[in-house]
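Everything on this sheet refers to the single structure shown next.
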Amino acid sequence: MKKKLVFATNNAHKLEEIASILGDKIELLSLKDIHCQADIPETSDTLEGNAIQKAEYIHQHYGMDCFADDTGLEVEALNGAPGIYSARYAGEGHDSEANMKKLLENMQDKENRKAQFRTAICLIMDGETHLFEGIVKGEIIKEKKGGAGFGYDPIFVPEGYDLTFAELGNDIKNTISHRAKAVEKLCSFLNK
């Protein structure tokens, strides 16, 4: 019988991406699949803490093996900001355009444009907690380029490339991204 594993997300794209990497060994369930409509708290001051919080919530309330992720853009010249506030950098609306605009404004006079995307995944399985991390380093450019992706993708150029994540497109992004690296570690652990 297939092992069931809940991914604490309602993001269909993320779910599909991870399901394809995991293959058919594991039955992946979303929050919708387990009828969880709760607004799961994310009150930690670290990505790891938020991922742990979400995974523990599902484990405690539903008693199922699960994993959760949290991702942030960390800009060197801004002391790691926006970090855990990446999705709501310009306010609670999760407005990507406003977030990018604010970030570009805050970077106007900065020489150092180094940044990294970081994803933390917390897996709770068989009563044990495991953490996985993925990082992609790069830099923030001065104006948006490209139409693919989401979030800060139009202003982030990963190391080793001349194009933004938004210009590279999802196929390339999904093989080199922070989330891909963290998911790869999760999947190799699960496939052991």
Side-chain angles (χ1 to χ4, degrees), residues 2-34 36 40 42 44 46-59 62 64-74 80 82-87 94 96 115-138 146 148-154 156-161 163-192:
K2 263 193 206 177
K3 187 164 188 55
K4 285 184 184 329
L5 188 61
V6 177
F7 181 14
T9 189
N10 280 316
N11 182 322
H13 173 73
K14 273 195 209 178
L15 206 64
E16 193 179 299
E17 183 185 324
I18 291 179
S20 73
I21 296 169
L22 282 175
D24 56 8
K25 288 183 190 163
I26 287 173
E27 184 183 344
L28 200 58
L29 304 170
S30 69
L31 292 176
K32 197 164 104 183
D33 293 330
I34 62 168
C36 174
I40 302 172
E42 289 182 65
S44 174
T46 64
L47 297 173
E48 292 80 2
N50 283 334
I52 291 167
Q53 236 179 345
K54 289 189 276 189
E56 283 179 346
Y57 182 92
I58 296 303
H59 191 68
Y62 296 86
M64 299 179 79
D65 288 343
C66 59
F67 67 95
D69 71 331
D70 197 19
T71 294
L73 174 64
E74 300 168 336
I84 59 164
Y85 303 107
S86 294
H94 293 253
S96 294
Q116 66 180 20
F117 271 115
R118 195 163 66 84
T119 292
I121 293 178
C122 173
L123 168 70
I124 299 177
M125 196 162 91
D126 303 326
E128 289 184 16
T129 301
H130 307 273
L131 286 173
F132 307 93
E133 180 186 69
I135 293 174
V136 65
K137 293 182 179 297
F150 59 93
Y152 297 92
D153 289 356
F156 181 83
V157 174
E159 258 179 20
Y161 291 83
L163 302 171
T164 65
F165 267 165
E167 291 173 298
L168 288 170
N170 288 337
D171 288 347
I172 294 174
K173 179 192 168 188
N174 289 345
T175 59
I176 64 168
S177 79
H178 43 295
R179 185 172 295 109
K181 290 175 180 180
V183 167
E184 211 174 280
K185 291 174 185 175
L186 168 72
C187 292
S188 64
F189 177 85
L190 290 172
N191 289 328
K192 273 184 194 165

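Every heavy atom of this structure was used, including side-chain atoms; hydrogens, water molecules and symmetry mates were not. On a predicted model such as this, the values are computed, not experimentally measured, just so you know.
When all heavy atoms are compared, the tightest approach of A148 to G169 is CB-CA, 4.0 Å. Between G83 and S86, the closest heavy-atom pair is O-OG, 2.6 Å. The shortest heavy-atom contact between V136 and F156 is O-CZ, 3.7 Å. Nearest approach of D153 to T164, heavy atoms of both residues: O-CB, 3.3 Å. Of all heavy-atom pairs spanning A68 and A8, the tightest one is CB-CB, 3.8 Å. The two residues H59 and C66 have their closest heavy-atom pair at N-SG, 3.9 Å.
Here I84 contributes atom CD1 and E42 contributes atom CD; the two are 9.0 Å apart, rounded to the nearest 0.5 Å. Taking CG from L131 and NZ from K185, the interatomic distance works out to 11.0 Å, rounded to the nearest 0.5 Å. Expressed to the nearest 0.5 Å, how far NZ of K4 lies from CD1 of I34 amounts to 11.5 Å. Within the model, atoms CG of L5 and CD1 of I58 stand 11.5 Å from one another, a figure rounded to the nearest 0.5 Å. Rounded to the nearest 0.5 Å, atoms CE (M125) and CG (L190) are 5.0 Å apart.
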Residues M64, L29; criterion side chain to side chain contact (heavy atoms under 4.5 Å, CB included); working and verdict: CA-CA 10 Å; M64 299 179 79; L29 304 170; 3.6 Å; yes
Let's go through D69 and F7 carefully: what are the C-alpha distance in whole Å and the side-chain angles of both, what is the deciding distance for side chain to side chain contact (heavy atoms under 4.5 Å, CB included) to 0.1 Å, and is it a yes or a no? CA-CA 9 Å; D69 71 331; F7 181 14; 3.8 Å; yes
Take L186 and F67 through the side chain to side chain contact (heavy atoms under 4.5 Å, CB included) test and state the conclusion after the steps. CA-CA 9 Å; L186 168 72; F67 67 95; 3.7 Å; yes
I52 and S44: side chain to side chain contact (heavy atoms under 4.5 Å, CB included), yes or no, with the steps? CA-CA 9 Å; I52 291 167; S44 174; over 6 Å; no
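Between the side chain of N10 and the backbone N or O of K32, at least one donor-acceptor pair lies under 3.5 Å. In terms of modelled atom types and a separation under 3.5 Å, the side chain of T175 and the main chain of I172 share a donor-acceptor contact. Judged purely by atom type and a 3.5 angstrom limit, D65 uses its side chain to pair as donor or acceptor with the backbone of D126. Under the 3.5 Å distance criterion, the side-chain polar atoms of N50 are left unmatched by any main-chain donor or acceptor of L47.
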Please table the atom pairs, donor to acceptor, closer than 3.5 Å between any side-chain atom in residues 115-124 and protein atoms at least two apart or in another chain.
residue, atom, partner, partner atom, Å
Q116, OE1, K137, NZ, 2.8
Q116, NE2, E74, OE1, 2.8
R118, NE, E74, OE1, 3.2
R118, NE, E74, OE2, 3.0
R118, NH1, E48, OE2, 2.5
R118, NH1, E133, OE2, 2.9
R118, NH2, E74, OE2, 3.2
T119, OG1, T71, OG1, 2.7

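Across L15, T9, I40, a single residue satisfies side chain to side chain contact (heavy atoms under 4.5 Å, CB included) together with L31, and that is I40.
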